[in-house]
Amino acid sequence: MLNLSYKIMQYHFFLKGMTNYINTNYVRLGISSDQKDAIVLLFTNWTPKMDAYTNCSTYGTVSITDINALYIATKLITTGVQGQISSNPTVTLTGADYANLGIAKPKARRTYVPAVKFAPVVSCISNTTLMPVFFAFNPSMPTKKKKPKDVGAIGVRIAFVGVGSPPP
């Protein structure tokens, strides 16, 4: 029985799809023909090592070492190509590009959130050693708990001033 790495197997199918996709769309993606040929050669060199790794008669320490070393080198190159494509301002990526190239879609930027029109009340609800926990709330609606949907917590800044000094 073979004890194959899930990471290597998953990367094999990703590399195969990425190579085929780049081979047909390299001009639109802003990749030179030399780079395209290098990526195709990369997969061509990957295939016999992967075949040896997944073959019962050749699976062993040598094939495992070979595929792991090739994975590390190939992963660096494919990550660089992904970065080159995603950072190219002349290329507009489509949904198929994101899927086939394994590029993460950038998260939507949060728009400006205006300051509230009331002064929140800040209450210290616990104070363990050097770790106070504060709760800020609207004094006119103390039970209302509303934050933007992707926010887990809101920070509170503390300013220490001398006794009798004006507040900051």
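Within 6.0 Å of NZ in Lys36 there are more than 12 heavy atoms belonging to other residues, nucleotides or ligands.
Remark: side-chain polar atoms of Asp66 are not paired, donor with acceptor, to backbone N or O of Ser63 under 3.5 angstrom. With hydrogens and angles disregarded, no donor-acceptor distance shorter than 3.5 Å links the side chain of Tyr26 to the backbone of Asp37.
Counting only heavy atoms from C-beta outward, the side chains of Thr92 and Asp97 never approach each other to under 4.5 Å. Using a 4.5 Å heavy-atom threshold, the side chains of Leu4 and Tyr59 count as touching. Considering only heavy atoms from C-beta on, Thr54 stays 4.5 Å or farther from His12 through its side chain. Inter-residue side-chain proximity for Asn25 and Ile31 is flagged as unmet; no heavy-atom pair is nearer than 4.5 Å. Taking the side chain as every heavy atom from C-beta outward, Thr19 and Leu42 never approach each other to under 4.5 Å. Residues Leu15 and Met50 are not in side-chain contact: their nearest non-hydrogen atoms beyond the backbone lie 4.5 Å or more apart. Side-chain contact between Ile39 and Phe43: absent, with no pair of heavy atoms (C-beta onward) separated by less than 4.5 Å. Contact check for Val121 versus Phe135: no side-chain heavy atoms found under the 4.5 Å cut-off.
Atom NZ of Lys49 and atom OG1 of Thr58 lie 11.0 Å apart (nearest 0.5 Å). Summarising the geometry, atom CG belonging to Asn100 is positioned 8.5 Å from atom OG1 belonging to Thr24; distances are rounded to the nearest 0.5 Å. Separating the CE atom in Met18 from the OH atom in Tyr21 is a distance of 11.5 Å, to the nearest 0.5 Å. The distance from the CD1 atom of Ile8 to the OH atom of Tyr71 is 6.0 Å, given to the nearest 0.5 Å. Separation of atoms OG (Ser5) and CG (Asn68) is listed at 7.0 Å; rounding is to 0.5 Å. The distance from the CG atom of Leu70 to the OH atom of Tyr53 is 12.5 Å, given to the nearest 0.5 Å.
Residues Val81 and Ile72 share a single hydrophobic cluster, defined by chaining ILVMFWY side chains whose heavy atoms lie under 4.5 Å apart.
When only modelled atom types and interatomic distance are considered, Tyr11 and Thr74 share no side-chain donor-acceptor pair under 3.5 Å.
In terms of heavy-atom proximity, Leu29 sits nearest to Asn88 at O-ND2, 4.3 Å. Counting all heavy atoms, side chain and backbone alike, Val161 lies closest to Pro166 at CG1-O, 4.3 Å. Between Val91 and Ile85, the closest heavy-atom pair is CB-O, 4.5 Å. Here the closest heavy-atom approach between residue Ser126 and residue Cys124 is recorded as O-SG, 3.3 Å. Taking all atoms of both residues into account, the shortest heavy-atom contact from Phe137 to Ser123 is CE2-CB, 4.3 Å.
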- Message: side-chain hydrogen bond (donor to acceptor under 3.5 Å, both in side chains), that's the test. Do Ser32 and Asp34 meet it? Break it down for me.
- Response: CA-CA 5 Å; Ser32 68; Asp34 291 337; 5.1 Å; no
